[in-house]
Amino acid sequence: MKKMIEEAVNAIKIRLNLRPDIGLILGSGLGGIVDLIKDSIEINFCDIPNFPVSTVSGHAGKLVFGKIEGVTAAVMQGRIHYYEGYNLKKVVFPVYVLNQLGIKNLIITNASGGINNDFKPGDLMIICDHINLLGNNPLIGPEDMGPRFVDMSQAYSPELREIAKSAAQSLNLPLREGVYACLTGPSYETPAEIRMLKTIGADAVGMSTVPEVIIARQCGMKVLAISCITNMAAGIYPHELSHKEVIEVAKKSEEMLAMLLKEIIKRI
Ligand code: HPA
């Protein structure tokens, strides 16, 4: 694994003459935020050795480098999910690469279903904690990439969450905060599963982010994660859930999220 990461990092460094300070991983339908980047350098995932390639519609599959509000950023437009059939080591490979590129702050966005009745589609939610229901963990296996028993008691940086809240306030943007439950998917949940998730304390549900956060914490990166509530979870509204709806609502929230990210990055 170390050698594979080194090969990917070297291939990226050959094409870059800057050192990124901030990493962004963009979720379903939220990739357009790369338009914020000035003088960007783009590298397709398929041109980076050992890099997993996303197979999901709504995920572009490239790494974009450049300045956002004067800060050098590395942006993953598109991510890899466990449900695509990759093992978790492959899913988190890009996080190890971002770490080796020198990134200390990682911002992750995703699309999720709202469980908390106060939420509505289009809302943005800071993740304050998560519940890992993948039945798997990217740290399972040999202890070759750093510590194995990673502390997750403050996985989502309180400091970055405060910055996000004050950034949202200054823009007059409503921002929710809550617990994100991660399931494998790719089927959406049943109404009974959503009732269970509500009972155990989840405010939103999705199929990503948690593996990346575990590895970011293993690497000592600070994490901020923002979820776009693209739909109310199964059984809350009477209509069926669809990936098309998820992408459409994410697209509508993209502009608001981009404004917020810009303001957050300025303040980090
Ligand atoms: N469930 C799981 N993942 C999701 C959802 C959902 O309702 N919406 C967007 N991603």
Side-chain angles (χ1 to χ4, degrees), residues 1-27 30-31 33-54 59-81 86-110 138-139 144-147 150 155-157 159-160 163-164 208-226 258 261-262 264-268:
M1 182 96 158
K2 274 197 172 137
K3 191 159 177 289
M4 286 166 76
I5 293 164
E6 200 180 300
E7 282 169 3
V9 170
N10 289 341
I12 293 168
K13 279 189 175 165
I14 289 170
R15 306 207 21 205
L16 278 188
N17 54 359
L18 34 85
R19 195 192 127 119
D21 294 313
I22 278 189
L24 268 101
I25 301 177
L26 303 178
L30 300 167
I33 287 155
V34 291
D35 298 342
L36 295 177
I37 303 178
K38 302 243 159 58
D39 305 321
S40 65
I41 299 167
E42 294 187 0
I43 310 177
N44 289 323
F45 290 170
C46 59
D47 293 329
I48 305 171
N50 314 313
F51 223 75
V53 177
S54 173
H59 285 265
K62 55 188 178 184
L63 198 47
V64 184
F65 294 89
K67 298 253 181 209
I68 304 176
E69 294 293 313
V71 179
T72 307
V75 185
M76 272 185 66
Q77 195 183 21
R79 67 141 66 80
I80 292 88
H81 303 80
Y86 292 109
N87 70 39
L88 283 183
K89 297 273 181 225
K90 207 74 185 165
V91 171
V92 300
F93 184 85
V95 180
Y96 283 123
V97 171
L98 292 177
N99 179 53
Q100 286 299 315
L101 290 171
I103 282 162
K104 299 276 177 277
N105 293 294
L106 183 64
I107 303 178
I108 301 180
T109 68
N110 64 32
L139 295 171
D144 55 351
M145 295 301 300
V150 174
Y156 299 85
S157 161
E159 188 193 330
L160 294 184
I163 289 176
S208 69
T209 303
V210 163
E212 290 102 319
V213 172
I214 292 170
I215 297 308
R217 294 306 298 145
Q218 182 193 32
C219 295
M221 289 189 232
K222 280 193 198 159
V223 176
L224 176 70
I226 302 175
L261 288 175
K262 230 165 94 168
I264 292 170
I265 291 169
K266 209 164 38 173
R267 291 165 183 242
I268 286 180

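Along the sequence shown, residues are numbered consecutively beginning with 1. All values reported here derive from a predicted model rather than from experimental measurement.
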D144 atom CG, over 12 foreign heavy atoms within 6.0 Å: yes
Validation row: [X], [Y] side chains within 4.5 angstrom (heavy atoms):
X   : Y    : value
I48 : V97  : no
I68 : K262 : yes
P49 : M4   : no

T209 backbone acceptor or donor facing E212 side chain under 3.5 Å: yes
Side-chain (R19) to main-chain (T72) donor-acceptor, under 3.5 angstrom: no
Verdict with reasoning, K2 to E6, per salt bridge (charged side-chain N to carboxylate O under 4.0 Å, His left out): CA-CA 6 Å; K2 274 197 172 137; E6 200 180 300; over 6 Å; no
Residue pair V71, I268: steps toward the side chain to side chain contact (heavy atoms under 4.5 Å, CB included) verdict: CA-CA 9 Å; V71 179; I268 286 180; over 6 Å; no
How many angstroms lie between [atom1] in [X] and [atom2] in [Y], if you round to the nearest 0.5 Å?
X    : Y    : atom1 : atom2 : value
I215 : M145 : CD1   : CE    : 8.0 Å
Y96  : I5   : OH    : CD1   : 6.5 Å
S157 : L106 : OG    : CG    : 11.5 Å
N99  : M221 : CG    : CE    : 4.0 Å
L224 : N105 : CG    : CG    : 9.0 Å
Q77  : N44  : CD    : CG    : 10.0 Å

Test log, rule side chain to side chain contact (heavy atoms under 4.5 Å, CB included), inputs L36 and I265: CA-CA 11 Å; L36 295 177; I265 291 169; 5.9 Å; no
Stepwise side chain to side chain contact (heavy atoms under 4.5 Å, CB included) test for L88 and I214: CA-CA 11 Å; L88 283 183; I214 292 170; over 6 Å; no
Intermediate values then yes/no, side chain to side chain contact (heavy atoms under 4.5 Å, CB included), I43 and R15: CA-CA 9 Å; I43 310 177; R15 306 207 21 205; 3.7 Å; yes
Ring geometry between F93 and F51 (parallel below 30°, tilted from 30 to 60°, perpendicular above 60°): perpendicular
